[in-house]
Participant: 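Supplied in structure tokens, the structure appears directly below.
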Amino acid sequence: MRLNKFRIKFNREKMDYNFAEIEPKWQKYWEENKTFKTEDDYSKPKYYILDMFPYPSGAGLHVGHPEGYTATDILSRYKRMKGFNVLHPMGYDAFGLPAEQYAMQTGTHPAITTQKNCDNFRRQIKAIGLSYDWDREINTTDPKYFRWTQWIFKQLYSTWFDSDLKKGRPISELPIPDKIEAAGKEAVNNYIGEKRLAYYDNAQVWWCDSCKTVCANEEVLTDGAHEKCGNQVIRKNLKQWLLRIPHYAERLLEGLDDLDWPAGVKDMQRNWIGKSSGAEVDFEINGLGKKLRVYTTRPDTLFGATYMVIAPEHDFVNEIVTAEKKDAVANYIKASALKSDLDRTDLAKEKTGVFTGRYAINPVNNQQIPIWVADYVLMGYGTGAIMAVPAHDTRDFEFAKEFDIPVNCILDPKDVEDRDIILAGDKCWTEDGEYVNSASEETGLDINGLNKTAGIQKTVEWLGENNLGKATDNFKLRDWLFSRQRYWGEPFPVIHWEDGEVTLVEDENLPLQLPNLEEYTPGESGESPLSNAGDWLIVTDKNGRKGRRETNTMPQWAGSCWYYLRYIDPNNTDNIFDVKKEQYWMPVDLYVGGAEHAVLHLLYSRFWHKVLFDLGIVSTDEPFQKLFNQGMILAFAYETATGAKVASDLVEEKDGKYFHIETGEELKQIVAKMSKSLKNVVNPDDVIDKFGADSLRLYEMFMGPLDERKPWAENGVKGVFNFLGKAYRFFADPTNIFEGEEDKDLAKLLHQTIKKVEFDIEHLKFNTGISALMVFNNLAIKKGKVTKETAEIFARILAPYAPHVGEELWSVYGNKKTLSYEPWPVVNESLLQENSYEYPVSFNGKMRYKMEFPLAMPKSEIEKTVLSDERSAKWLEGKTVRKFIFVPKKIINIAVG
RNA sequence: GCGGGCGUGGCGGAAUUGGUAGACGCGCUAGACUUAGGAUCUAGUGCCAUAUGGCGUGGGGGUUCGAGUCCCUUCGCCCGUACCA
């Protein structure tokens with residue numbers, strides 16, 4: 001479908017809405033007057049409104065960007081008029097792969113590409129009329145910025161987590177056990193190294209062979225593809241920097257409770273942190289004099305354990321396996337090591353495993369149960385070993401059925417249809433019930449007759465008393481892999497000395513800049529491009545000792561982890577920010593962005609923030625008080641009956657139906673993501689050219705609720721453009737404005753509109769706010785004349801949405817300065833007072849007619865009037881009134897029958 | 001499987017939280033002004049029916065004087081996640 005099917009024409013004779021003149025004029029005014037420069041005026045209440053800053057791609061802004069940006073801009077403009085000191089900044093998350101790949105192909109330095117893209121983004125953002133304080137613009141690739149990213153890394157490296165106090169503390173305060181102290185300096189250093197929040201070690205990592213880099217767990221998609229490029233990642237063992245985020249698991253989990261965040265995002269983070277409560281239990285291994293420790297969330301089902309499983313990678317495998325099973329087990333381990341992770345996590349596949357030939361002793365009843373090796377048990381979770389209770393765990397049940405292992409039901413489901421089948425061990429039961437066969441005279445444990453909660457409690461107590469196990473929590477959250485084999489990232493301020501010592505670059509030598517390179521291509525086996533940087537790479541200390549700089553760089557998350565803090569004091573050269581300013585501005589009052597960052601950026605940021613809080617660097621425990629996810633903007637797309645997608649330029653519309661231009665086939669209109677291949681990508685620049693920035697802003701807000709996904713429709717832009725045109729033509733025409741008293745209806749609606757617009761902005765319901773402005777505009781035009789006071793109020797309440805039209809009207813009325821700091825109009829409640837109400841009169845819930853009554857009229861009189869009204873006769877005929885319902889200022893309903 | 005969200009006219013969506021379903025906009029229909037209209041203005045527009053009226057918020061059931069809204073049940077779609085013991 002051709003998108004340019006109409007062009008806006010102006011009537012040059014009359015005063016018309018010429019956005020192409022108005023918009024650049026006011027953008028220039030704001031820029032020259034630094035209208036939106038934010039002062040650190042502590043006497044005013046503050047409001048910090050943050051957008052997720054963009055990655056400045058070569059493709060420029062997408063219509064998804066202005067959606068969130070307009071929403072925050074409306075709120076910012078509104079809050080300024082409400083007397084708040086508003087911090088509303090913008091910047092660029094500019095480290096990243098595309099600029100580096102472009103450099104590999106063309107030799108253009110990533111800094112040049114980045115600069116160009118940032119300039120383009122800035123131009124586009126300014127063309128939307130967003131009220132950012134441009135003096136606070138930041139860029140993660142700017143050495144003045146990443147100096148402090150490196151500085152924070154140093155803080156992480158120099159911090160340990162005190163699990164008693166549940167907080168991070170300076171590494172200098174780490175108590176060293178006497179035993180370690182006695183073992184010498186190396187032992188002490190190793191001990192400290194094990195406690196640092198940042199550490200360098202061999203790690204099983206995800207490697208993307210297409211990007212030639214490692215990536216974090218969070219960057220690997222469900223199907224094993226790299227989030228950035230879609231290539232399947234593989235496992236590799238490399239020396240890498242990691243951050244001990246699991247130390248903060250509990251804090252990150254608890255912190256979520258008090259945050260005003262979307263439930264979905266909170267749940268995703270909870271899920272990702274993955275806390276489970278259970279117990280660790282030790283099983284004596286028969287004939288080895290060794291204990292095998294398992295983790296279970298169901299210690300209450302110990303009596304039902306009929307076998308055990310250890311992961312193929314478990315340390316004990318070789319010791320446990322008996323001579324005659326050695327080959328079988330070795331083959332199994334080899335086979336599972338070859339399996340891709342995708343295969344291993346494929347739920348549909350059948351369970352596999354092999355018996356080790358050895359038995360363990362179940363501590364609750366001293367029975368011997370076989371130990372198996374199976375890859376459905378993962379080394380990375382819990383202890384890498386489980387007790388298997390097939391009667392009450394679906395995975396164990398599947399496995400037991402596969403290998404003919406006994407299923408002992410120990411939990412009577414009671415009133416359930418399949419009770420007999422379950423009791424016979426032919427069906428798995430994972431819900432609550434009453435224990436049976438769960439007592440042993442020999443060991444003294446008896447939980448028969450209890451329910452699940454009581455069973456768990458009693459078993460855990462018993463395990464503790466007998467020194468066989470204890471209650472334990474487990475988390476899914478793993479160490480955060482924090483280094484990348486890339487050029488275009490923050491260099492680590494780290495030197496590896498030839499004697500094995502690792503030191504950090506001194507604060508006064510930060511930032512550690514990136515060297516200029518000829519060759520940006522990473523090595524095949526995981527060397528970073530920086531290993532080609534000869535002069536930069538090698539350092540010598542004053543004693544002649546040689547060292548090599550860390551050649552990995554930080555991941556893109558590093559820069560975005562703390563950018564909201566730098567906006568507070570972006571040009572501070574001595575400190576990361578001024579303490580007073582931080583105390584004034586933090587926390588962020590509202591953070592708006594896409595939901596795709598639910599477990600990546602938003603979890604990492606919270607982690608860093610908590611560490612900085614523990615170290616006394618920031619004053620709040622959480623960075624973002626309220627989070628709001630804007631919904632994705634989609635587009636209409638077309639597909640054939642067989643579901644084949646058709647590019648939009650091959651579609652024509654006839655009588656509300658869609659046809660293929662070439663084949664004539666009727667097509668179905670669907671909603672899909674904008675994509676180049678479907679040719680339905682909308683560029684904000686084009687929309688501004690054709691309709692203006694105010695129309696773009698208004699339409700993005702008018703489309704629907706901010707948090708919902710919704711399709712772009714150009715006709716909708718025309719709708720809001722028509723509104724702005726109508727409003728402008730009416731309100732900018734001096735012959736429509738008079739001095740005097742406002743029409744009563746219009747005055748009332750005006751104040752209702754102020755109230756509605758205010759409420760809707762506060763609640764981020766911009767679509768209905770615009771609708772209220774339209775309703776008012778329609779009535780004003782119908783009335784034909786408005787007072788200057790009304791006109792000025794309209795300009796002010798329209799301005800947050802359509803600031804260019806707002807400013808233009810304001811100046812038409814003779815005001816010389818911007819309206820950005822004019823006080824928000826006060827609702828005159830007395831105008832909203834009603835002394836009568838037009839009641840809908842319903843019979844059995846169906847509205848039949850309307851009738852006006854004074855609010856003061858008593859119910860009995862209203863009842864009498866309504867029932868004797870001639871319009872009621874028809875509905876009352878042959879029926880008796882069962883009940884007369886009267887709800888003041890709501891409804892009258894007569895139940896008849 | 002589990003977790004989160006959604007389902008309202010031809011379309012995007014309203015409904016101030018249990019009280020007039022369909023605000024506002026698009027589209028469509030008719031008219032006005034025009035050489036012209038893809039500009040602008042006016043009127044109409046949930047569906048069925050000639051009409052009194054009937055039917056309508058994915059389907060079924062329930063609570064209530066009254067249900068898009070609450071409860072039960074069922075269907076469909078979207079997002080996230082997955083052998084986490």
Side-chain angles (χ1 to χ4, degrees), chain A residues 5-11 14 16 222 262-268 270-272 274-276 278 294-298 309 344-347 349 351 374-378 380-389 393-396 398-399 474-476 595-596 598-599 631-632 636 655-657 669 671 699 702-705 707-720 722-723 725-726 729 755-756 759-760 763 765 767-768 770-775 778 781 838-850 874 882-885 887 889-897:
Chain A
K5 68 178 181 190
F6 53 82
R7 198 178 311 160
I8 305 304
K9 290 186 184 170
F10 294 108
N11 186 339
K14 283 192 198 163
D16 211 334
T222 327
V265 176
K266 285 198 194 184
D267 279 333
M268 269 193 246
R270 286 195 184 104
N271 220 308
W272 193 263
K275 180 177 179 173
S276 79
V294 303
Y295 173 72
T296 176
T297 53
R298 296 294 304 274
V309 183
R344 251 184 99 161
T345 55
D346 185 359
L347 255 181
K349 91 176 166 45
K351 298 255 183 302
D375 64 7
Y376 81 91
V377 171
L378 308 173
Y381 187 80
T383 61
I386 61 158
M387 64 164 195
V389 186
D393 180 284
T394 48
R395 294 150 305 178
D396 297 343
E398 272 175 50
F399 189 88
N474 242 305
F475 295 91
K476 287 193 223 172
E596 67 273 18
V599 283
M632 196 185 296
F636 289 115
D655 303 328
K657 290 179 175 173
Q669 189 184 53
V671 170
Y699 177 60
F702 190 60
M703 288 172 84
D707 54 351
E708 241 146 77
R709 20 173 51 214
K710 40 210 176 268
W712 185 274
E714 201 186 41
N715 277 332
V717 190
K718 216 183 96 186
V720 295
N722 286 344
F723 159 65
K726 274 200 269 188
R729 281 187 293 274
K755 201 171 181 176
K756 173 75 176 155
F759 180 89
D760 284 351
H763 294 85
K765 293 169 67 165
N767 51 335
T768 48
I770 293 169
S771 158
L773 289 166
M774 288 172 167
V775 171
N778 290 343
I781 289 170
E838 190 182 36
Y839 284 93
V841 179
S842 308
F843 292 83
N844 288 338
K846 282 271 174 197
M847 203 278 285
R848 296 304 174 182
Y849 65 89
K850 288 180 185 171
K874 187 162 129 199
R882 294 191 192 281
K883 206 169 179 183
F884 186 87
I885 318 282
V887 185
K889 286 189 85 174
K890 288 258 156 108
I891 201 167
I892 292 165
N893 188 25
I894 301 125
V896 292

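Just so it is clear: chains get the letters A, B, ... in the order the sequence lines come, proteins before strands, and each one is counted from 1.
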Participant: For a quick test of reading the model: is some side-chain N or O of A:S276 closer than 4.0 Å to OP1 or OP2 of B:A85?
Facilitator: yes

Participant: Quick test: give all pairs of protein nitrogen or oxygen and nucleotides 13-19 of chain B nitrogen or oxygen below 3.5 Å, distance rounded to 0.1 Å.
Facilitator:
residue : atom : partner : partner atom : Å
B:A14   : OP1  : A:N767  : ND2          : 2.9
B:A15   : OP1  : A:K765  : NZ           : 3.4
B:G19   : N2   : A:N893  : ND2          : 3.4

Participant: Are any of the side-chain heavy atoms of A:E398 and A:Y376 separated by less than 4.5 Å?
Facilitator: no

Participant: Return the orientation label for the A:Y381 and A:Y295 ring planes: parallel under 30°, perpendicular over 60°, tilted otherwise.
Facilitator: perpendicular

Participant: Using a 4.0 Å heavy-atom cut-off across all strands, classify A:N474 as base, sugar-phosphate, or nothing.
Facilitator: nothing

Participant: Which nucleotide sits closest to the side chain of A:R848: B:A85, B:G54, B:C24?
Facilitator: B:G54

Participant: When the ring planes of A:Y849 and A:F843 are compared, do they come out parallel, tilted or perpendicular, using 30° and 60° as the limits?
Facilitator: tilted

Participant: Find which nucleotide of RNA chain B each of A:A385 and A:I781 is nearest to by heavy atoms, and output the residue with the more 5' nucleotide.
Facilitator: A:I781

Participant: State the pairing partner of B:C41; accept Watson-Crick or G-U wobble contacts with both distances under 3.5 Å, and report none otherwise.
Facilitator: B:G31

Participant: Between B:G53, B:A85, B:G25, spot the one nearest the side chain of A:M774, thanks.
Facilitator: B:G25

Participant: Give me the distance, rounded to whole Å, that separates B:G1 from B:C48 when you measure between the C1' atoms they each carry.
Facilitator: 45 Å

Participant: Tell me the partner of B:C55, counting only Watson-Crick (N1-N3 plus N6-O4 or O6-N4) or G-U wobble (N1-O2 and O6-N3) with both under 3.5 Å; none if nothing fits.
Facilitator: B:G46

Participant: Strictly by Watson-Crick or wobble contacts shorter than 3.5 Å, is anything paired with B:A14, and which nucleotide is it?
Facilitator: none

Participant: Of the options B:C83, B:G4, B:U40, whose atoms approach the side-chain atoms of A:D267 most closely?
Facilitator: B:G4

Participant: Within the structure provided, determine whether A:K846 and A:N844 are in side-chain contact (heavy-atom separation under 4.5 Å).
Facilitator: no

Participant: From B:G80, B:A39, B:U20, pick the nucleotide closest to the side chain of A:K718?
Facilitator: B:A39

Participant: How would you label the glycosidic angle of B:G59: syn (within 90° of 0) or anti?
Facilitator: anti

Participant: So what does A:D396 hit on the nucleic acid, given a heavy-atom distance under 4.0 Å: a base, only sugar-phosphate, or nothing?
Facilitator: nothing

Participant: As a test of the definition: with a 90° window around 0 for syn, would you call B:U35 syn or anti?
Facilitator: anti

Participant: Nearest-Å distance, OH (A:Y849) to C1' (B:U52)?
Facilitator: 17 Å

Participant: If I pick the P atom on B:G25 and the same atom on B:U45, what distance separates them, to the nearest angstrom?
Facilitator: 14 Å

Participant: Considering only B:A21, B:G54, B:A85, which nucleotide approaches the side chain of A:M847 most closely?
Facilitator: B:A21

Participant: Which base sits across from B:G68 as a Watson-Crick or G-U pair, both distances under 3.5 Å?
Facilitator: none

Participant: Under 3.5 Å, is there a donor-acceptor pair between the side chain of A:K765 and the main chain of A:H763?
Facilitator: no

Participant: Taking only side-chain nitrogens and oxygens of A:N715, does any of them come within less than 4.0 Å of OP1 or OP2 of B:G38?
Facilitator: no

Participant: Can you check whether A:D393 reaches A:R298 side chain to side chain, under 4.5 Å on heavy atoms?
Facilitator: no

Participant: Provide the Watson-Crick or G-U wobble partner of B:U81, both distances under 3.5 Å; none if there is no partner.
Facilitator: B:G1

Participant: Considering only the P atoms, how many Å lie between B:A49 and B:G5, rounded to the nearest integer?
Facilitator: 41 Å

Participant: Which is more 5' along RNA chain B, the nucleotide nearest A:T297 or the one nearest A:K726? Just name the residue.
Facilitator: A:K726

Participant: Can you name the atoms? Protein N/O to nucleotides 55-64 of chain B N/O, anything below 3.5 Å, with the distance.
Facilitator:
none

Participant: Between B:U8 and B:G68, how far apart are the C1' atoms? Round to whole Å, please.
Facilitator: 7 Å

Participant: Would you tell me if any nitrogen or oxygen in the side chain of A:Y295 comes within less than 4.0 Å of OP1 or OP2 on B:A85?
Facilitator: no

